[in-house]
**Student:** 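Let me give you the structure first, and then I'll get to my questions.
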Amino acid sequence: MPSSEFYLSSDDAWSQLVSVAEADRDARILDQFAEDPDRISRLSVEAAGLFIDLSKQSWTSRGIAAALNLARAQKVEAARDAMFAGEAINSTERRAVLHPALRASKGLRFNAMGEPVSEGVEAQRASLKSFVDDVREGRLCGTTGKPFRAVVHIGIGGSDLGPRVVWEGLRPRLPEFLVRFVANIDPADRQEALAGLDPETTLVIIVSKTFTTLETLANAKAVREWLEAGLPSGADLTPHIIGVTADPKKAEAFGCSRTFSFADWVGGRFSLWSPVSLSCAIGLGWDVFEGLLQGAEAMDRHFVEAPLERNAPVLMALAQIYNVDGLGRTARSVAPYAYVLRRLPAYLQQLEMESNGKRVTRDGQPIDRMTCPVIFGEVGSNGQHAFFQQLHQGPEVVPTEFIVVRQTHDDGPEQQLWANALAQSRALMIGKSSFEAWQEMVASGLSEEEASRLAPHKTFPGNRPSTSVVVDRVTPQALGALLALYEHKTFVEGVIWDINSFDQWGVELGKTMTRSVMSAASGGDEILDPSTVALLGRLAPST
Ligand code: F6P
(Lines give C-alpha, C1' and ligand atoms only; values in the text may rest on other atoms or scores of the structure.)
Protein backbone atom coordinates (compact mmCIF):
# COMPACT_ATOMS: atom_id res chain seq x y z
CA MET A 1 0.00 0.00 0.00
CA PRO A 2 1.46 3.36 -0.88
CA SER A 3 1.70 5.62 2.15
CA SER A 4 -0.47 8.74 2.25
CA GLU A 5 2.75 10.70 1.66
CA PHE A 6 2.87 9.07 -1.76
CA TYR A 7 0.62 11.90 -2.82
CA LEU A 8 2.95 14.71 -1.71
CA SER A 9 3.47 17.36 -4.34
CA SER A 10 6.97 17.95 -5.57
CA ASP A 11 7.27 21.20 -3.57
CA ASP A 12 5.97 19.57 -0.41
CA ALA A 13 8.30 16.60 -0.81
CA TRP A 14 11.28 18.91 -1.22
CA SER A 15 10.26 20.98 1.81
CA GLN A 16 9.80 17.84 3.85
CA LEU A 17 13.25 16.55 2.92
CA VAL A 18 14.93 19.85 3.68
CA SER A 19 13.15 20.37 6.99
CA VAL A 20 13.73 16.80 8.21
CA ALA A 21 17.40 16.97 7.25
CA GLU A 22 17.76 20.31 9.01
CA ALA A 23 15.97 19.08 12.15
CA ASP A 24 18.11 15.92 12.25
CA ARG A 25 21.35 17.63 11.24
CA ASP A 26 23.06 16.83 14.54
CA ALA A 27 21.78 13.27 14.85
CA ARG A 28 24.67 10.85 15.29
CA ILE A 29 24.85 8.15 12.63
CA LEU A 30 26.03 5.63 15.19
CA ASP A 31 22.96 6.25 17.37
CA GLN A 32 20.68 5.42 14.45
CA PHE A 33 21.63 1.73 14.67
CA ALA A 34 20.14 1.57 18.17
CA GLU A 35 17.13 3.70 17.28
CA ASP A 36 16.28 1.55 14.28
CA PRO A 37 17.34 -2.11 14.74
CA ASP A 38 16.41 -2.77 11.09
CA ARG A 39 18.72 -0.06 9.78
CA ILE A 40 21.31 -2.48 8.39
CA SER A 41 18.80 -4.69 6.64
CA ARG A 42 16.83 -1.71 5.36
CA LEU A 43 19.87 0.11 4.04
CA SER A 44 21.98 -2.70 2.62
CA VAL A 45 21.06 -4.01 -0.78
CA GLU A 46 22.28 -6.87 -2.95
CA ALA A 47 22.16 -5.81 -6.57
CA ALA A 48 23.56 -7.74 -9.53
CA GLY A 49 26.26 -9.35 -7.38
CA LEU A 50 27.24 -6.13 -5.58
CA PHE A 51 26.53 -5.42 -1.93
CA ILE A 52 25.76 -1.80 -1.16
CA ASP A 53 25.70 -0.52 2.42
CA LEU A 54 24.06 2.86 2.95
CA SER A 55 23.61 2.50 6.70
CA LYS A 56 26.55 4.82 7.47
CA GLN A 57 24.80 7.68 5.67
CA SER A 58 23.55 10.68 7.66
CA TRP A 59 19.85 10.05 7.25
CA THR A 60 17.62 9.12 10.16
CA SER A 61 14.59 6.88 9.66
CA ARG A 62 12.40 9.85 8.90
CA GLY A 63 15.10 11.25 6.63
CA ILE A 64 15.00 8.03 4.61
CA ALA A 65 11.21 8.21 4.47
CA ALA A 66 11.36 11.83 3.30
CA ALA A 67 13.90 10.92 0.62
CA LEU A 68 11.72 8.08 -0.64
CA ASN A 69 8.72 10.40 -0.69
CA LEU A 70 10.74 12.79 -2.81
CA ALA A 71 11.57 9.99 -5.25
CA ARG A 72 7.86 9.19 -5.50
CA ALA A 73 6.84 12.81 -5.87
CA GLN A 74 9.38 13.25 -8.65
CA LYS A 75 7.97 10.15 -10.37
CA VAL A 76 11.25 8.29 -10.60
CA GLU A 77 9.59 5.03 -11.62
CA ALA A 78 7.66 6.65 -14.47
CA ALA A 79 10.82 8.41 -15.67
CA ARG A 80 12.75 5.13 -15.57
CA ASP A 81 10.01 3.40 -17.54
CA ALA A 82 10.05 6.23 -20.08
CA MET A 83 13.79 5.77 -20.57
CA PHE A 84 13.47 2.02 -21.07
CA ALA A 85 10.50 2.60 -23.41
CA GLY A 86 12.73 4.75 -25.64
CA GLU A 87 10.83 8.00 -25.17
CA ALA A 88 12.62 11.23 -26.14
CA ILE A 89 13.73 11.97 -22.58
CA ASN A 90 16.74 13.94 -23.82
CA SER A 91 14.41 16.87 -24.30
CA THR A 92 16.83 19.54 -25.50
CA GLU A 93 18.20 17.31 -28.24
CA ARG A 94 14.89 15.48 -28.80
CA ARG A 95 16.47 12.05 -28.52
CA ALA A 96 15.78 8.79 -26.79
CA VAL A 97 18.32 7.53 -24.24
CA LEU A 98 18.67 3.83 -24.70
CA HIS A 99 22.12 2.57 -23.70
CA PRO A 100 20.46 -0.40 -21.88
CA ALA A 101 19.45 -1.70 -25.33
CA LEU A 102 23.16 -2.17 -26.10
CA ARG A 103 23.60 -4.70 -23.32
CA ALA A 104 20.25 -6.47 -23.50
CA SER A 105 20.17 -10.24 -23.99
CA LYS A 106 19.46 -11.53 -27.46
CA GLY A 107 15.75 -11.57 -28.19
CA LEU A 108 14.78 -8.62 -25.99
CA ARG A 109 13.20 -5.81 -27.95
CA PHE A 110 13.71 -2.05 -27.48
CA ASN A 111 12.30 0.88 -29.44
CA ALA A 112 13.85 4.34 -29.70
CA MET A 113 11.05 6.88 -30.20
CA GLY A 114 8.92 4.11 -31.62
CA GLU A 115 11.57 2.71 -33.96
CA PRO A 116 12.71 -0.86 -33.26
CA VAL A 117 16.44 -0.95 -32.57
CA SER A 118 17.29 -4.35 -31.12
CA GLU A 119 17.72 -6.28 -34.35
CA GLY A 120 20.23 -3.68 -35.52
CA VAL A 121 22.05 -3.85 -32.19
CA GLU A 122 22.25 -7.64 -32.38
CA ALA A 123 23.48 -7.58 -35.97
CA GLN A 124 26.13 -5.05 -35.06
CA ARG A 125 27.21 -7.09 -32.05
CA ALA A 126 27.69 -10.09 -34.36
CA SER A 127 29.78 -8.10 -36.82
CA LEU A 128 31.84 -6.59 -34.01
CA LYS A 129 32.48 -10.05 -32.62
CA SER A 130 33.68 -11.38 -35.94
CA PHE A 131 35.92 -8.33 -36.41
CA VAL A 132 37.37 -8.81 -32.92
CA ASP A 133 37.95 -12.52 -33.51
CA ASP A 134 39.51 -11.85 -36.92
CA VAL A 135 41.97 -9.36 -35.43
CA ARG A 136 42.81 -11.51 -32.43
CA GLU A 137 43.27 -14.66 -34.49
CA GLY A 138 45.36 -12.96 -37.16
CA ARG A 139 42.88 -13.24 -40.03
CA LEU A 140 42.85 -9.47 -40.35
CA CYS A 141 46.36 -8.14 -40.79
CA GLY A 142 48.19 -4.90 -41.38
CA THR A 143 49.18 -3.65 -44.78
CA THR A 144 52.41 -5.69 -44.84
CA GLY A 145 50.62 -8.91 -43.92
CA LYS A 146 51.69 -9.01 -40.27
CA PRO A 147 49.04 -9.71 -37.61
CA PHE A 148 48.14 -6.86 -35.27
CA ARG A 149 49.68 -6.90 -31.79
CA ALA A 150 48.66 -3.48 -30.48
CA VAL A 151 45.66 -1.19 -30.58
CA VAL A 152 45.87 2.58 -30.21
CA HIS A 153 42.54 4.00 -29.07
CA ILE A 154 42.13 7.70 -29.86
CA GLY A 155 39.22 9.53 -28.20
CA ILE A 156 38.39 11.90 -25.37
CA GLY A 157 35.64 12.34 -22.75
CA GLY A 158 33.01 9.65 -23.16
CA SER A 159 35.01 8.23 -26.04
CA ASP A 160 37.90 7.58 -23.67
CA LEU A 161 37.00 7.37 -19.99
CA GLY A 162 34.62 4.38 -20.08
CA PRO A 163 36.83 2.17 -22.27
CA ARG A 164 39.85 3.16 -20.18
CA VAL A 165 38.15 2.07 -16.93
CA VAL A 166 37.20 -1.19 -18.61
CA TRP A 167 40.68 -1.87 -19.97
CA GLU A 168 42.46 -0.99 -16.73
CA GLY A 169 39.88 -2.89 -14.71
CA LEU A 170 40.03 -6.12 -16.67
CA ARG A 171 43.24 -6.25 -18.63
CA PRO A 172 45.53 -9.22 -18.17
CA ARG A 173 48.74 -8.32 -16.37
CA LEU A 174 50.72 -9.55 -19.41
CA PRO A 175 48.38 -8.72 -22.27
CA GLU A 176 48.58 -10.59 -25.54
CA PHE A 177 47.40 -7.38 -27.17
CA LEU A 178 48.60 -4.02 -26.00
CA VAL A 179 45.91 -1.37 -25.79
CA ARG A 180 47.10 2.21 -25.49
CA PHE A 181 44.91 5.29 -25.12
CA VAL A 182 45.48 8.78 -26.49
CA ALA A 183 43.14 11.53 -25.33
CA ASN A 184 45.05 14.71 -24.64
CA ILE A 185 46.01 17.16 -27.33
CA ASP A 186 49.41 17.49 -25.69
CA PRO A 187 51.73 15.50 -28.00
CA ALA A 188 53.33 13.99 -24.89
CA ASP A 189 50.24 11.81 -24.43
CA ARG A 190 50.48 10.52 -27.99
CA GLN A 191 54.21 10.00 -27.82
CA GLU A 192 53.86 7.94 -24.68
CA ALA A 193 51.09 5.84 -26.24
CA LEU A 194 53.07 5.15 -29.40
CA ALA A 195 56.37 4.48 -27.66
CA GLY A 196 57.75 1.08 -28.58
CA LEU A 197 54.93 0.22 -31.00
CA ASP A 198 55.55 -1.07 -34.49
CA PRO A 199 53.33 0.64 -37.11
CA GLU A 200 53.20 -2.62 -39.08
CA THR A 201 51.43 -4.41 -36.23
CA THR A 202 49.40 -1.50 -34.82
CA LEU A 203 45.69 -0.98 -35.35
CA VAL A 204 44.45 2.56 -34.74
CA ILE A 205 40.84 3.02 -33.61
CA ILE A 206 39.51 6.57 -33.78
CA VAL A 207 36.52 6.97 -31.49
CA SER A 208 34.39 10.08 -31.68
CA LYS A 209 30.63 10.29 -31.58
CA THR A 210 30.66 13.51 -33.60
CA PHE A 211 33.97 13.00 -35.42
CA THR A 212 34.54 16.73 -35.01
CA THR A 213 36.34 16.86 -31.66
CA LEU A 214 39.47 18.98 -31.92
CA GLU A 215 41.71 16.86 -29.71
CA THR A 216 40.69 13.58 -31.32
CA LEU A 217 41.08 14.80 -34.88
CA ALA A 218 44.48 16.36 -34.14
CA ASN A 219 45.68 13.12 -32.58
CA ALA A 220 44.18 11.03 -35.37
CA LYS A 221 46.04 13.07 -38.00
CA ALA A 222 49.31 12.84 -36.10
CA VAL A 223 48.97 9.08 -35.63
CA ARG A 224 48.16 8.68 -39.29
CA GLU A 225 51.45 10.50 -40.05
CA TRP A 226 53.21 8.14 -37.64
CA LEU A 227 51.79 5.18 -39.57
CA GLU A 228 52.82 6.73 -42.88
CA ALA A 229 56.35 7.31 -41.68
CA GLY A 230 56.68 3.79 -40.30
CA LEU A 231 55.12 1.75 -43.09
CA PRO A 232 56.76 1.05 -46.46
CA SER A 233 56.52 4.03 -48.75
CA GLY A 234 53.31 4.07 -50.77
CA ALA A 235 51.69 1.36 -48.62
CA ASP A 236 47.95 1.49 -48.07
CA LEU A 237 47.43 2.79 -44.54
CA THR A 238 43.72 2.18 -44.39
CA PRO A 239 43.78 -1.39 -43.02
CA HIS A 240 45.34 0.18 -39.90
CA ILE A 241 42.65 2.81 -39.35
CA ILE A 242 39.20 2.04 -37.97
CA GLY A 243 36.51 4.54 -37.03
CA VAL A 244 33.83 4.37 -34.35
CA THR A 245 31.29 7.16 -34.60
CA ALA A 246 27.69 8.26 -34.96
CA ASP A 247 28.69 10.07 -38.18
CA PRO A 248 30.20 7.37 -40.43
CA LYS A 249 30.54 9.66 -43.46
CA LYS A 250 33.08 11.80 -41.61
CA ALA A 251 35.06 8.72 -40.55
CA GLU A 252 35.11 7.42 -44.09
CA ALA A 253 36.24 10.81 -45.38
CA PHE A 254 39.11 10.68 -42.90
CA GLY A 255 40.30 7.39 -44.40
CA CYS A 256 39.00 4.71 -42.06
CA SER A 257 38.91 1.34 -43.81
CA ARG A 258 36.03 0.25 -41.65
CA THR A 259 33.61 2.18 -39.51
CA PHE A 260 31.41 0.94 -36.71
CA SER A 261 28.61 3.34 -36.02
CA PHE A 262 26.32 3.93 -33.09
CA ALA A 263 23.01 5.72 -32.86
CA ASP A 264 22.29 9.19 -31.49
CA TRP A 265 20.30 7.59 -28.65
CA VAL A 266 23.64 6.52 -27.16
CA GLY A 267 25.06 9.43 -25.15
CA GLY A 268 28.86 9.82 -25.25
CA ARG A 269 29.35 9.17 -21.53
CA PHE A 270 26.98 6.19 -21.71
CA SER A 271 28.59 4.69 -24.80
CA LEU A 272 31.08 2.17 -23.44
CA TRP A 273 28.62 -0.65 -24.19
CA SER A 274 28.76 0.17 -27.90
CA PRO A 275 31.58 -0.21 -30.47
CA VAL A 276 33.23 2.62 -28.51
CA SER A 277 34.83 -0.21 -26.51
CA LEU A 278 36.09 -2.02 -29.60
CA SER A 279 39.70 -1.60 -28.45
CA CYS A 280 38.84 -3.27 -25.16
CA ALA A 281 37.01 -6.11 -26.89
CA ILE A 282 40.10 -6.73 -29.03
CA GLY A 283 42.45 -6.48 -26.08
CA LEU A 284 40.35 -8.53 -23.68
CA GLY A 285 38.59 -10.95 -26.03
CA TRP A 286 34.92 -11.06 -26.93
CA ASP A 287 33.84 -13.25 -24.02
CA VAL A 288 35.16 -10.72 -21.54
CA PHE A 289 33.31 -7.91 -23.28
CA GLU A 290 30.10 -9.99 -23.27
CA GLY A 291 30.58 -10.58 -19.54
CA LEU A 292 30.73 -6.82 -19.03
CA LEU A 293 27.45 -6.40 -20.93
CA GLN A 294 25.84 -9.20 -18.89
CA GLY A 295 26.81 -7.52 -15.62
CA ALA A 296 25.32 -4.23 -16.77
CA GLU A 297 22.16 -5.96 -17.92
CA ALA A 298 21.80 -7.60 -14.51
CA MET A 299 21.95 -4.11 -12.96
CA ASP A 300 19.36 -2.88 -15.47
CA ARG A 301 17.04 -5.66 -14.33
CA HIS A 302 17.57 -4.75 -10.70
CA PHE A 303 16.90 -1.08 -11.47
CA VAL A 304 13.71 -1.90 -13.33
CA GLU A 305 12.36 -4.52 -10.93
CA ALA A 306 13.37 -3.57 -7.39
CA PRO A 307 10.95 -1.40 -5.42
CA LEU A 308 12.28 2.09 -4.70
CA GLU A 309 13.18 1.30 -1.09
CA ARG A 310 15.33 -1.70 -2.15
CA ASN A 311 16.67 -0.18 -5.35
CA ALA A 312 20.43 0.40 -5.22
CA PRO A 313 20.74 3.22 -7.79
CA VAL A 314 17.70 4.96 -6.28
CA LEU A 315 19.00 4.71 -2.70
CA MET A 316 22.47 5.91 -3.70
CA ALA A 317 20.94 8.85 -5.55
CA LEU A 318 18.76 9.71 -2.56
CA ALA A 319 21.69 9.55 -0.15
CA GLN A 320 23.53 12.04 -2.34
CA ILE A 321 20.53 14.35 -2.59
CA TYR A 322 20.01 14.19 1.18
CA ASN A 323 23.64 15.25 1.62
CA VAL A 324 23.64 17.93 -1.05
CA ASP A 325 20.23 19.54 -0.70
CA GLY A 326 19.32 18.51 2.82
CA LEU A 327 22.65 19.17 4.49
CA GLY A 328 24.49 21.47 2.10
CA ARG A 329 27.36 19.09 1.38
CA THR A 330 28.52 20.02 -2.06
CA ALA A 331 31.39 17.61 -2.60
CA ARG A 332 31.73 13.83 -2.61
CA SER A 333 34.87 11.73 -2.65
CA VAL A 334 35.20 8.30 -4.19
CA ALA A 335 37.83 5.83 -3.08
CA PRO A 336 38.06 2.55 -4.98
CA TYR A 337 40.11 0.07 -2.97
CA ALA A 338 41.55 -1.80 -5.95
CA TYR A 339 44.46 -0.56 -8.00
CA VAL A 340 42.75 -1.65 -11.21
CA LEU A 341 39.86 0.74 -10.50
CA ARG A 342 42.09 3.76 -10.16
CA ARG A 343 40.48 5.47 -13.19
CA LEU A 344 36.99 5.20 -11.69
CA PRO A 345 36.99 8.70 -10.10
CA ALA A 346 37.84 10.31 -13.46
CA TYR A 347 35.11 8.29 -15.17
CA LEU A 348 32.57 9.32 -12.51
CA GLN A 349 33.55 12.96 -12.78
CA GLN A 350 32.41 12.98 -16.38
CA LEU A 351 29.43 10.71 -15.86
CA GLU A 352 27.98 12.70 -12.99
CA MET A 353 29.28 16.23 -13.44
CA GLU A 354 28.71 16.42 -17.20
CA SER A 355 25.26 14.88 -16.76
CA ASN A 356 24.00 16.81 -13.75
CA GLY A 357 26.26 19.84 -13.35
CA LYS A 358 23.39 22.07 -14.48
CA ARG A 359 21.26 24.87 -13.11
CA VAL A 360 18.04 24.86 -15.11
CA THR A 361 15.17 22.41 -15.17
CA ARG A 362 14.15 20.39 -18.19
CA ASP A 363 11.85 23.19 -19.23
CA GLY A 364 14.46 25.88 -18.74
CA GLN A 365 13.48 27.27 -15.34
CA PRO A 366 16.21 28.17 -12.83
CA ILE A 367 16.80 25.52 -10.15
CA ASP A 368 16.83 27.12 -6.73
CA ARG A 369 18.84 24.39 -4.99
CA MET A 370 22.20 22.69 -5.39
CA THR A 371 22.59 19.98 -7.99
CA CYS A 372 25.60 17.80 -8.74
CA PRO A 373 28.34 17.96 -6.11
CA VAL A 374 32.01 18.25 -6.96
CA ILE A 375 33.36 14.73 -7.29
CA PHE A 376 36.94 13.82 -6.68
CA GLY A 377 38.82 10.77 -5.58
CA GLU A 378 41.83 8.54 -5.64
CA VAL A 379 42.52 4.87 -5.37
CA GLY A 380 42.62 3.50 -1.82
CA SER A 381 44.74 3.36 0.13
CA ASN A 382 46.78 6.10 -1.64
CA GLY A 383 44.03 8.67 -0.98
CA GLN A 384 44.36 8.05 2.75
CA HIS A 385 47.83 9.56 2.57
CA ALA A 386 46.59 12.62 0.73
CA PHE A 387 43.13 14.20 1.03
CA PHE A 388 41.72 11.96 3.77
CA GLN A 389 43.15 14.37 6.35
CA GLN A 390 40.48 16.82 5.25
CA LEU A 391 37.77 14.16 5.22
CA HIS A 392 38.50 13.37 8.85
CA GLN A 393 39.21 16.80 10.30
CA GLY A 394 38.35 19.51 7.78
CA PRO A 395 35.54 21.91 8.67
CA GLU A 396 33.44 20.77 5.70
CA VAL A 397 31.76 17.37 5.74
CA VAL A 398 32.54 15.48 2.52
CA PRO A 399 30.59 12.24 2.11
CA THR A 400 32.74 9.40 0.82
CA GLU A 401 32.09 6.35 -1.28
CA PHE A 402 34.22 3.29 -0.61
CA ILE A 403 34.44 0.67 -3.34
CA VAL A 404 35.61 -2.29 -1.32
CA VAL A 405 37.02 -5.19 -3.32
CA ARG A 406 37.43 -8.49 -1.51
CA GLN A 407 39.93 -10.09 -3.86
CA THR A 408 41.97 -7.74 -5.99
CA HIS A 409 44.35 -10.25 -7.55
CA ASP A 410 44.77 -13.96 -8.21
CA ASP A 411 46.53 -14.86 -4.98
CA GLY A 412 43.49 -14.51 -2.76
CA PRO A 413 41.64 -11.93 -0.68
CA GLU A 414 43.60 -8.77 0.05
CA GLN A 415 42.68 -8.25 3.63
CA GLN A 416 44.99 -5.30 4.27
CA LEU A 417 43.30 -3.38 1.50
CA TRP A 418 39.67 -3.99 2.41
CA ALA A 419 40.41 -3.70 6.12
CA ASN A 420 41.69 -0.20 5.41
CA ALA A 421 38.46 0.68 3.62
CA LEU A 422 36.31 -0.62 6.48
CA ALA A 423 38.49 1.13 9.05
CA GLN A 424 38.25 4.44 7.23
CA SER A 425 34.47 4.38 6.91
CA ARG A 426 34.23 3.40 10.58
CA ALA A 427 36.70 6.10 11.67
CA LEU A 428 34.80 8.74 9.71
CA MET A 429 31.61 7.73 11.49
CA ILE A 430 32.93 7.14 15.03
CA GLY A 431 35.53 9.88 15.31
CA LYS A 432 37.41 10.49 18.55
CA SER A 433 36.47 12.98 21.26
CA SER A 434 39.04 15.36 22.66
CA PHE A 435 38.77 13.61 26.04
CA GLU A 436 39.53 10.24 24.45
CA ALA A 437 42.49 11.77 22.64
CA TRP A 438 43.70 13.35 25.91
CA GLN A 439 43.31 10.07 27.82
CA GLU A 440 45.25 8.10 25.21
CA MET A 441 48.14 10.54 25.34
CA VAL A 442 48.28 10.57 29.12
CA ALA A 443 48.15 6.75 29.14
CA SER A 444 51.09 6.69 26.75
CA GLY A 445 53.16 8.81 29.16
CA LEU A 446 52.59 12.40 28.04
CA SER A 447 52.16 15.05 30.71
CA GLU A 448 48.60 16.25 31.23
CA GLU A 449 49.65 19.69 30.10
CA GLU A 450 51.20 18.41 26.87
CA ALA A 451 48.15 16.17 26.28
CA SER A 452 45.84 19.17 26.68
CA ARG A 453 47.92 21.17 24.23
CA LEU A 454 47.74 18.42 21.59
CA ALA A 455 44.19 17.16 22.20
CA PRO A 456 42.44 19.60 19.81
CA HIS A 457 44.75 18.46 17.00
CA LYS A 458 44.05 14.80 17.71
CA THR A 459 40.27 15.13 17.96
CA PHE A 460 38.05 13.71 15.21
CA PRO A 461 34.50 15.05 15.04
CA GLY A 462 33.23 11.84 13.41
CA ASN A 463 29.64 11.53 12.21
CA ARG A 464 30.89 11.78 8.63
CA PRO A 465 28.82 9.73 6.21
CA SER A 466 29.93 7.11 3.74
CA THR A 467 28.56 4.43 1.45
CA SER A 468 30.35 1.14 0.88
CA VAL A 469 29.96 -0.79 -2.34
CA VAL A 470 31.37 -4.29 -1.92
CA VAL A 471 32.64 -6.17 -4.95
CA ASP A 472 33.98 -9.71 -4.57
CA ARG A 473 36.34 -9.51 -7.54
CA VAL A 474 36.63 -7.11 -10.43
CA THR A 475 35.23 -9.59 -12.94
CA PRO A 476 33.71 -8.42 -16.24
CA GLN A 477 30.24 -8.98 -14.75
CA ALA A 478 31.02 -7.07 -11.56
CA LEU A 479 32.55 -4.14 -13.43
CA GLY A 480 29.59 -4.00 -15.82
CA ALA A 481 27.20 -3.97 -12.86
CA LEU A 482 29.20 -1.29 -11.06
CA LEU A 483 29.32 1.07 -14.03
CA ALA A 484 25.61 0.57 -14.77
CA LEU A 485 24.86 1.21 -11.08
CA TYR A 486 26.46 4.64 -11.39
CA GLU A 487 24.74 5.34 -14.70
CA HIS A 488 21.33 4.70 -13.16
CA LYS A 489 22.19 6.60 -9.98
CA THR A 490 23.10 9.59 -12.14
CA PHE A 491 19.85 9.23 -14.06
CA VAL A 492 17.75 9.13 -10.88
CA GLU A 493 19.46 12.25 -9.53
CA GLY A 494 18.69 14.03 -12.80
CA VAL A 495 15.03 13.04 -12.51
CA ILE A 496 14.80 14.26 -8.92
CA TRP A 497 16.56 17.54 -9.71
CA ASP A 498 14.43 17.80 -12.88
CA ILE A 499 17.55 18.09 -15.03
CA ASN A 500 18.09 16.80 -18.53
CA SER A 501 21.10 14.59 -17.73
CA PHE A 502 21.80 13.80 -21.36
CA ASP A 503 22.97 17.04 -22.94
CA GLN A 504 26.19 18.97 -22.25
CA TRP A 505 25.83 22.50 -23.59
CA GLY A 506 28.16 23.68 -20.86
CA VAL A 507 31.21 22.41 -22.69
CA GLU A 508 30.47 24.35 -25.87
CA LEU A 509 31.38 27.93 -24.96
CA GLY A 510 34.96 27.03 -24.11
CA LYS A 511 35.32 25.16 -27.41
CA THR A 512 34.23 28.24 -29.38
CA MET A 513 36.48 30.51 -27.38
CA THR A 514 39.47 28.24 -28.02
CA ARG A 515 38.99 28.93 -31.71
CA SER A 516 38.98 32.70 -31.17
CA VAL A 517 42.03 32.57 -28.85
CA MET A 518 43.89 30.48 -31.43
CA SER A 519 42.92 32.93 -34.11
CA ALA A 520 44.14 35.83 -31.97
CA ALA A 521 47.38 33.97 -31.27
CA SER A 522 48.00 33.77 -35.00
CA GLY A 523 47.44 37.47 -35.53
CA GLY A 524 43.64 37.58 -35.93
CA ASP A 525 41.78 40.70 -34.79
CA GLU A 526 39.57 39.12 -32.09
CA ILE A 527 38.51 41.48 -29.33
CA LEU A 528 39.53 39.87 -26.06
CA ASP A 529 39.39 40.94 -22.43
CA PRO A 530 42.48 42.60 -20.88
CA SER A 531 43.47 39.57 -18.81
CA THR A 532 43.38 37.23 -21.80
CA VAL A 533 45.32 39.78 -23.86
CA ALA A 534 47.99 39.92 -21.16
CA LEU A 535 48.23 36.13 -20.95
CA LEU A 536 48.40 35.92 -24.72
CA GLY A 537 51.21 38.47 -24.69
CA ARG A 538 53.13 36.25 -22.29
CA LEU A 539 52.45 32.99 -24.17
CA ALA A 540 52.68 34.24 -27.74
CA PRO A 541 54.81 37.40 -27.50
CA SER A 542 54.83 38.00 -31.26
CA THR A 543 51.08 38.72 -31.38
O1 F6P B 1 33.32 18.08 -24.81
C2 F6P B 1 32.54 17.15 -24.14
C3 F6P B 1 32.16 16.06 -25.04
O4 F6P B 1 31.21 16.54 -25.91
C5 F6P B 1 31.66 14.84 -24.28
O6 F6P B 1 30.32 14.89 -24.01
C7 F6P B 1 32.04 13.75 -25.19
O8 F6P B 1 32.05 12.53 -24.53
C9 F6P B 1 33.41 14.20 -25.64
O10 F6P B 1 33.27 15.59 -25.77
C11 F6P B 1 33.92 13.59 -26.90
O12 F6P B 1 33.05 13.80 -27.96
P13 F6P B 1 33.15 12.94 -29.26
O14 F6P B 1 32.91 11.53 -28.91
O15 F6P B 1 32.11 13.50 -30.18
O16 F6P B 1 34.54 13.11 -29.83
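Bear in mind the structure is a predicted one, so any value in this text is a computation, not a measurement.
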**Student:** Verify whether one side chain among D11 and S9 offers a donor that lies under 3.5 Å from an acceptor in the other.
**Tutor:** no
**Student:** Just say parallel, tilted or perpendicular for the rings of H392 and F388, cut-offs at 30° and 60°.
**Tutor:** tilted
**Student:** I'd like to check the side chain to side chain donor-acceptor pair (under 3.5 Å) partners of D363; sequence neighbours left out, ordered by chain and number.
**Tutor:** T361
**Student:** Is E493 salt-bridged to K489, going by a charged N under 4.0 Å from an acidic O?
**Tutor:** yes
**Student:** So among F491, F262, W273, which one has a side-chain contact (heavy atoms from CB on, under 4.5 Å) with H99?
**Tutor:** W273
**Student:** Taking all heavy atoms of M83 and all of I89, pick out the closest pair and write down the distance.
**Tutor:** CB-CD1, 3.6 Å
**Student:** Please step through side chain to side chain contact (heavy atoms under 4.5 Å, CB included) for the pair R269 and T490, ending with a clear verdict.
**Tutor:** CA-CA 11 Å; R269 52 195 172 274; T490 303; over 6 Å; no
**Student:** Counting only heavy atoms not in R94 (residues, nucleotides, ligands), do more than 12 fall under 6.0 Å from its CZ?
**Tutor:** no
**Student:** Does a donor on one side chain and an acceptor on the other come within less than 3.5 Å for S501 and N356?
**Tutor:** yes
**Student:** CG of L327 to OG of S58: how many Å apart, nearest 0.5 Å?
**Tutor:** 5.5 Å
**Student:** Under the salt bridge (Lys or Arg N to Asp or Glu O under 4.0 Å) rule, what pairs show up with a residue in residues 322-344, not counting sequence neighbours?
**Tutor:** E168-R342, R332-E352, R332-E401
**Student:** Give me the atom names and distance for the closest heavy-atom approach of R310 to H302.
**Tutor:** O-CE1, 3.3 Å
**Student:** For I40 and S44, work out which heavy atoms get closest and say how close.
**Tutor:** O-OG, 2.6 Å
**Student:** Does the pair D38/R42 count as a salt bridge with the N-to-O cut at 4.0 Å?
**Tutor:** no
**Student:** Looking only at heavy atoms, which two atoms of F402 and S425 are closest? And how far apart?
**Tutor:** CE1-CB, 3.5 Å
